Amino acid sequence: MALVMKQPVEEMKGPYARRWWALGVLCLSLLIIVMANTALTVAAPDMTKDLGLSSSDLQWVIDGYTVPYAALMLLLGAIGDKYSRRGALVLGLVVFGGGAVAGSLVDSSGGVIAARAVMGLGAAMIMPATLSLLAATFPKGERAKAIVLWTATAGLAIAAGPLVAGALLEDHGWSSTFLINVPVAALAIVGAFVLIPPSKAGHHDRIDYVGGLLSVVWTGALVYMIIQGPHFGWDAKAISAAVVAGVGLVAFVAWELRHPHPILNVRRFLDRRFAGSNLAVALFFLAVFGAFYYLTQHLQFVLGYNPLETGVRMLPLAGAVFVGSALTGFLTPRIGMKITVSAGMVAGTVALALLTQVDASSSYGDFVAPLIVLGLAIGLALSPCTDAIMGAFPESELGVGGAVNDTSLELGGSLGIAILGSVLASSYSSKLEDAASASGAKLPDGTLDTAQDSVGAGYAVAQGIGEKAHATAEKAAHAGSQQEAAQLKAQAEQLTQGAGKMADAVTSAFSDAVAHTSLVGAVILGVGTVLVAVLLPRKGRDAQAQEADAQTSEADAQASEADAQASEADAQASEATTAGAGRKK
């Protein structure tokens, strides 16, 4: 047996024997690029302290990964289709690993942001390649099962990121959360060459680079606007990005409608099954990433768990994702994707609704049920949607199909963190002011404004007041007179009370903000559930849609083959003409 797998699947007589091992490599590649974001939420406090990051710096350390990741997937997916899907995967892993090494070595905010951007570029190659290689490697009858495992891996990575990062931070610095990606990427590269058959489109026209560049412009500008506006205010940068995103999107759609071989046939969005699936993916990750954003903060800051303990307590979500994925593999063929996806979205809405009961007295036990329900919801809803999206594309455009699915996922996740994160911040700030006023705590000047910045800043202010109280008490113990000692003791007691009241106010304000933000998320996902349920066809129509997709894909493949044959005929005619001219001479 050759060390490097060289035979494409289409040249094999039967199904590829080691396809499930190949799926393991694809899932491993997916695991590290999803964990790269979720792990950073746990490592952020240590990184902030070590590098002296401002809140703006920290936001761009996190989102410097997201912008190139979301913006470049469609173009890079098309390039992978034309030249080599396995090559795109391997190159992406090399770039991702290189960015991870750089991120572990730099010692400035700009350096970390740049390293994260390089990792995002690598992820933009990896993510669509995993889905396109999955679809190319598995026969159509097994694709749905393979996609179930792919989706379950994505859900596992969301919860595993904090767990792995927490374990590393027990004995190592934040740079270890970057370096852990390197051996995994190296293992995936070896596995890609040994286990994954080479794959590319059999017949592929010239890449629509203009459409690809327009997709980079409007998607990148949109993600930048989503990050910049809610977090840093609607300044000239955010407004300019919004204008560029709007103009770029209109130009992209207009160009794609007129191009004979567009990078993305936007008319596919007129198909209810395709449009509903993309909407469901975007809305679901809006809810999941938004909820994950504030749940990890609540577990760490309010309930006081360290990074490892936080990761362990997110495991019910990961386990439930696998159960939900197994259920969807059983249910979808029997009752149709409309009911399965709608049920998953209803469950997600219920999970967020349960979180509206969070208050200052809530313990971890109050979060277990919402985490389990949310995990089940992810497993139920996402696999059928991903299968439907991939099924809408012919074999020559599997990379583009994977990119469309993943762009919906990334845009939804970015919107979730931006919208729900903004609601959380404004709600916390407002409720903290009310709670501090109601407590009657006398706070040093400026401390309330500082505490309103974030829950971490609020507890830091309370801790600072407590430390000041301790220092004042020390002075009282060494005072030169009883009168001075009494005054200092009174000040120390007042500061101690203020520190306690401040900590209680922060706990109450953030818990109430979590409940309020969960309500907003539940309303958004609930309305989205209705829209998706209306868009998705019933089981009978779903089967007809699948058959129509298959016919369209076959027609596209035949058209591509005809174009290739015509091009070959033109080349032969040109060659014959040249030869004839040569003989006349």
Side-chain angles (χ1 to χ4, degrees), residues 1-36 73 76-98 100 121-154 156-157 181-204 383 386-387 389-391 393-403 405-406:
M1 183 179 294
L3 183 61
V4 176
M5 185 66 198
K6 295 181 179 179
Q7 185 182 20
V9 170
E10 54 268 22
E11 295 179 7
M12 299 177 186
K13 293 182 180 179
Y16 173 47
R18 295 189 292 173
R19 59 193 179 279
W20 295 104
W21 287 100
L23 178 63
V25 176
L26 298 177
C27 288
L28 189 65
S29 304
L30 172 68
L31 188 73
I32 59 172
I33 61 174
V34 176
M35 282 176 56
M73 273 194 287
L76 295 179
I79 292 173
D81 278 337
K82 182 173 178 64
Y83 295 106
S84 173
R85 292 163 182 151
R86 187 175 69 178
L89 174 66
V90 170
L91 180 59
L93 288 165
V94 170
V95 172
F96 185 87
L121 170 62
M125 300 181 205
I126 296 168
M127 190 72 153
T130 60
L131 269 178
S132 62
L133 285 166
L134 181 155
T137 303
F138 282 82
K140 289 186 177 181
E142 292 181 345
R143 280 184 192 172
K145 293 179 182 177
I147 287 174
V148 163
L149 292 174
W150 184 92
T151 305
T153 301
L156 172 65
N181 295 301
V182 178
V184 181
L187 180 62
I189 290 170
V190 173
F193 282 119
V194 174
L195 294 169
I196 299 176
S199 173
K200 64 179 180 178
H203 299 286
H204 201 296
S383 296
T386 300
D387 189 32
I389 292 168
M390 293 302 294
F393 289 86
E395 299 294 316
S396 61
E397 297 179 21
L398 292 176
V400 173
N405 179 82
D406 303 333

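Note that the structure is predicted; figures quoted are calculated from it, not measured.
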Worksheet item: To the nearest 0.5 Å, how far apart are CD1 in I389 and CG in N405?
Response: 4.0 Å
Discussion item. Show the nearest heavy-atom pair for residues P198 and M5, with the distance to one decimal.
Written reply: CD-O, 3.5 Å
Discussion item. Do K145 and R143 make a side-chain contact, defined as non-hydrogen atoms from C-beta onward lying under 4.5 Å apart?
Written reply: no
Worksheet item: Under the side chain to side chain contact (heavy atoms under 4.5 Å, CB included) test, which residues partner A136, sequence neighbours left out?
Response: R85, S199, L398
Item to complete: Would you mind reporting whether M127 and M73 have side-chain heavy atoms less than 4.5 Å apart?
Response: yes
Practice prompt. Please report the C-alpha distance between E10 and E395 in whole Å, then the side-chain angles of each, then the deciding distance to 0.1 Å, and finally whether the side chain to side chain contact (heavy atoms under 4.5 Å, CB included) criterion is met.
Written response: CA-CA 11 Å; E10 54 268 22; E395 299 294 316; over 6 Å; no
Practice prompt. Kindly give the heavy-atom pair with the smallest separation between D406 and P128, and that separation in Å.
Written response: OD2-N, 3.4 Å
Fill in: Option from V194, V25, L89, L93 for which side chain to side chain contact (heavy atoms under 4.5 Å, CB included) with I189 holds
L93
Worksheet, complete the sentence: Residues A100 and N181: closest non-hydrogen pair is CB-CB, 4.1 Å
Practice prompt. Identify the heavy atoms of M125 and V95 that sit nearest to each other, and give their distance.
Written response: CE-CG2, 4.2 Å
Discussion item. Rounded at 0.5 Å granularity, tell me how far CD in E397 sits from CE in M390.
Written reply: 11.0 Å
Discussion item. Determine whether a donor-acceptor pair (N or O, by modelled atom type, separation under 3.5 Å) exists between the side chain of Y16 and the backbone of L195.
Written reply: yes
Practice prompt. With sequence neighbours left out, write down each residue that passes side chain to side chain contact (heavy atoms under 4.5 Å, CB included) with L149, or none if nothing qualifies.
Written response: W20, L23
Item to complete: Could you please spell out the steps behind the side chain to side chain contact (heavy atoms under 4.5 Å, CB included) verdict for L76 and L121?
Response: CA-CA 10 Å; L76 295 179; L121 170 62; 4.2 Å; yes
Practice prompt. Keeping the roles fixed (side chain from D81, backbone from V400), state whether a donor-acceptor pair exists under 3.5 Å.
Written response: yes
Worksheet, complete the sentence: The reported gap from CD1 in I147 to CG in D387 (rounded to nearest 0.5 angstrom) is 4.0 Å
Discussion item. Would you compute the distance between atom CG of L91 and atom CZ of F96 and round it to the nearest 0.5 angstrom?
Written reply: 13.5 Å
Worksheet item: Between atom CD1 of I196 and atom OG of S29, what is the distance when rounded to the nearest 0.5 Å?
Response: 6.5 Å
Worksheet, complete the sentence: Taken in chain and number order and not counting sequence neighbours, the residues that satisfy side chain to side chain contact (heavy atoms under 4.5 Å, CB included) with V184 are L28, I32
Discussion item. One pair to check against side chain to side chain donor-acceptor pair (under 3.5 Å): W150 and T130. What are the steps and the verdict?
Written reply: CA-CA 9 Å; W150 184 92; T130 60; 3.2 Å; yes
Discussion item. Are the side chains of T137 and P197 in contact, using a 4.5 Å heavy-atom criterion?
Written reply: yes
Discussion item. Please find the pair of heavy atoms, one from R86 and one from A192, that lie closest to each other, and give the distance.
Written reply: CD-O, 3.3 Å
